[in-house]
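So that the names make sense, note that chain A is the first sequence line, chain B the second, and so on, each numbered from 1.
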Number of protein chains: 2
Amino acid sequence: MQRLQGAPEECAHEVLDVVPVVMRVVRNKLREHGAQLLSVPQFRTLSFISRNNGASLSEVANHIGLTLPSMSTLVDGLVTRNFVIRRTHEDDRRRMDLTLTEHGEATLRSARKETQEYLKQRFTGLSESERGTVVKGLRILRQVFSERTA
Amino acid sequence: MQRLQGAPEECAHEVLDVVPVVMRVVRNKLREHGAQLLSVPQFRTLSFISRNNGASLSEVANHIGLTLPSMSTLVDGLVTRNFVIRRTHEDDRRRMDLTLTEHGEATLRSARKETQEYLKQRFTGLSESERGTVVKGLRILRQVFSERTA
DNA sequence: TATTGTTATACTCTATAACTATA
DNA sequence: TATAGTTATAGAGTATAACAATA
């Protein structure tokens, strides 16, 4: 079965098999992050808002891949925890402008750092070329799964 | 930034960035599976039991990476939906023997097929060599993240 | 009327703590 | 006493349906 490495079937199979396993490690690591534990969607939401200051709720929901009500609830939690500031947009009062607080930025930074630190360790056992393959593979996956194919 | 492809940092960064995106697509696809929608943990649990007939609850929990209570609840749902048979072990009456029903096997098969079918499509746009890279990268990831490092 | 967001409701996921049954 | 599982409880994630406010 090693010979169909280039087949779409094999890609599909490996994705279904491997991605959930990696995901679980990432989730557990993020959740360990001291008192300020973050779920994966919370982490991703903070990341997005940090990169897109003043984003609207719809924009965030769309990017993260949640429905609007789900994102509304999620952001609500982030506001309560003082990670996010939510104000109505000046011109269009239906929209919300989302930005991170200082505390939100700091939490995001340290959560990202801790998690990456941990993941990094896992990769030190590999050869440089193996790591290169991992990075290339993931970049291709990002491209494949970022397209809004619905 | 393209030049540090072989660095552990870059692996960590890509994992944190890309894996959640792919995961979401997989989850949504699994959940679309007709009336018999499965969550990712449910799907993985059915897969494991199918491959390991008569597995105990602890074994399943351990493999999937859930706590025993969480797995107990999850399996409870699968039993209710007639996907799984749960009986006490003959010799050690503390243990549970888990097996799939015919219906469970069939559901698993068709959920896997539909999801893989969908994922496959996404990969048809790639070159054979790109797909090879994806497969190789994922196999390395599996190896890295299967080790019980805690 | 169309768009942006929130609220209500309901399940699943998940953990920790406390418990029961068996060995 | 140690092991295998369950039950109780609680918070987060998520969806759909119904609603409110603004354009």
Side-chain angles (χ1 to χ4, degrees), chain A residues 20 23-33 35-46 49 54-81 83-98 111, chain B residues 20 23-46 49 54-81 83-98:
Chain A
M23 187 64 182
R24 177 157 305 276
V25 173
V26 170
R27 173 189 300 121
N28 288 341
K29 210 59 206 170
L30 272 175
R31 293 183 57 91
E32 268 179 30
H33 179 58
Q36 296 299 2
L37 40 84
L38 295 174
S39 69
V40 174
Q42 285 170 341
F43 173 79
R44 295 221 295 143
T45 299
L46 292 180
I49 297 175
S56 75
L57 196 63
S58 296
E59 283 162 2
V60 183
N62 219 294
H63 181 265
I64 306 291
L66 289 186
T67 59
L68 209 41
S70 295
M71 187 49 81
S72 180
T73 308
L74 192 157
V75 166
D76 219 62
L78 297 175
V79 169
T80 300
R81 290 166 76 188
F83 293 151
V84 167
I85 300 168
R86 175 176 44 183
R87 358 181 169 59
T88 52
H89 191 80
E90 290 202 342
D91 301 339
D92 183 342
R93 300 217 316 260
R94 293 171 304 182
R95 292 190 48 168
M96 303 310 287
D97 271 11
L98 303 173
Chain B
M23 188 63 181
R24 177 155 305 274
V25 172
V26 171
R27 174 190 298 119
N28 287 341
K29 209 59 206 172
L30 272 176
R31 294 183 56 90
E32 269 179 29
H33 180 59
Q36 296 299 1
L37 38 86
L38 295 173
S39 71
V40 174
Q42 286 170 341
F43 174 79
R44 296 221 296 141
T45 300
L46 291 181
I49 297 175
S56 75
L57 196 63
S58 297
E59 283 161 2
V60 183
N62 220 294
H63 181 266
I64 306 290
L66 288 185
T67 60
L68 208 42
S70 296
M71 187 49 82
S72 180
T73 309
L74 192 157
V75 165
D76 219 61
L78 296 176
V79 169
T80 300
R81 290 166 76 188
F83 293 151
V84 168
I85 300 168
R86 175 176 46 182
R87 359 181 169 60
T88 53
H89 191 79
E90 289 204 342
D91 301 338
D92 184 342
R93 299 218 316 260
R94 293 172 304 182
R95 290 190 49 170
M96 304 309 286
D97 272 11
L98 303 174

Nearest-angstrom distance from the residue atom [atom1] of [X] to [atom2] of [N]:
X        : N       : atom1 : atom2 : value
Leu57(B) : dA21(C) : CG    : C1'   : 15 Å
Asp92(A) : dG5(C)  : CG    : C1'   : 11 Å
Leu68(A) : dA17(D) : CG    : C1'   : 14 Å
Leu37(A) : dT14(C) : CG    : P     : 15 Å
Asn62(B) : dA4(D)  : CG    : P     : 10 Å
Met96(A) : dA20(D) : CE    : C1'   : 14 Å
Leu66(B) : dG5(D)  : CG    : C1'   : 15 Å
Arg31(B) : dT12(C) : CZ    : C1'   : 7 Å

Given that Arg27(A) and Ser56(A) both sit by DNA chain C, which one's nearest nucleotide is further toward the 5' end?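 Its nearest nucleotide lies further toward 5', so the answer is Ser56(A).
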
Pick the closest DNA chain C nucleotide for Arg24(A) and for Asp76(A) by heavy atoms, then say which residue is nearer the 5' end.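 Its nucleotide being nearer the 5' end, the pick is Asp76(A).
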
Quiz item: Minimum heavy-atom separation for Gln42(A) to Leu37(A), with atom names?
Solution: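 Taking every non-hydrogen atom into account, OE1-O, 4.0 Å.
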
Open item on the list: Tell me the closest heavy-atom pair linking Thr67(A) and Ala61(A), and the distance in Å.
Closed with: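 What the structure gives for the nearest pair is O-CB, 4.2 Å.
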
**Report entry** Donor-acceptor contact present, side-chain Arg86(A) to main-chain Met96(A), <3.5 Å
**Finding:**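 Looks like no, no N/O pair under 3.5 Å.
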
Practice item. Would you please test Glu59(B) and Arg95(B) for side-chain contact (heavy atoms from CB on, under 4.5 Å) and show each step? Key: CA-CA 10 Å; Glu59(B) 283 161 2; Arg95(B) 290 190 49 170; 3.8 Å; yes

task = Decide yes or no on side-chain contact (heavy atoms from CB on, under 4.5 Å) for Val26(B) and Met23(A), but give the supporting numbers first.
result = CA-CA 12 Å; Val26(B) 171; Met23(A) 187 64 182; over 6 Å; no

Q.
On DNA chain D, does the nearest nucleotide to Arg93(A) precede the nearest nucleotide to Ser70(A) from the 5' side, or the other way round? Give the residue.
A.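 Final value for this comparison: Ser70(A).
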
Inset, instruction - Nearest-nucleotide wise, let me know which of Ser39(A) and Arg94(A) is further upstream toward the 5' end of DNA chain D. - result: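 Its nucleotide being nearer the 5' end, the pick is Ser39(A).
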
Between [X] and [N], does any side-chain N or O lie under 4.0 Å from OP1 or OP2?
X        : N      : value
Arg86(A) : dT4(C) : no
Ser58(A) : dG5(C) : yes
Ser72(A) : dG5(C) : no

Which of these nucleotides, dG5(C), dA4(D), dT14(C), is closest to any side-chain atom of Arg95(A)?
->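 The answer is dG5(C).
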
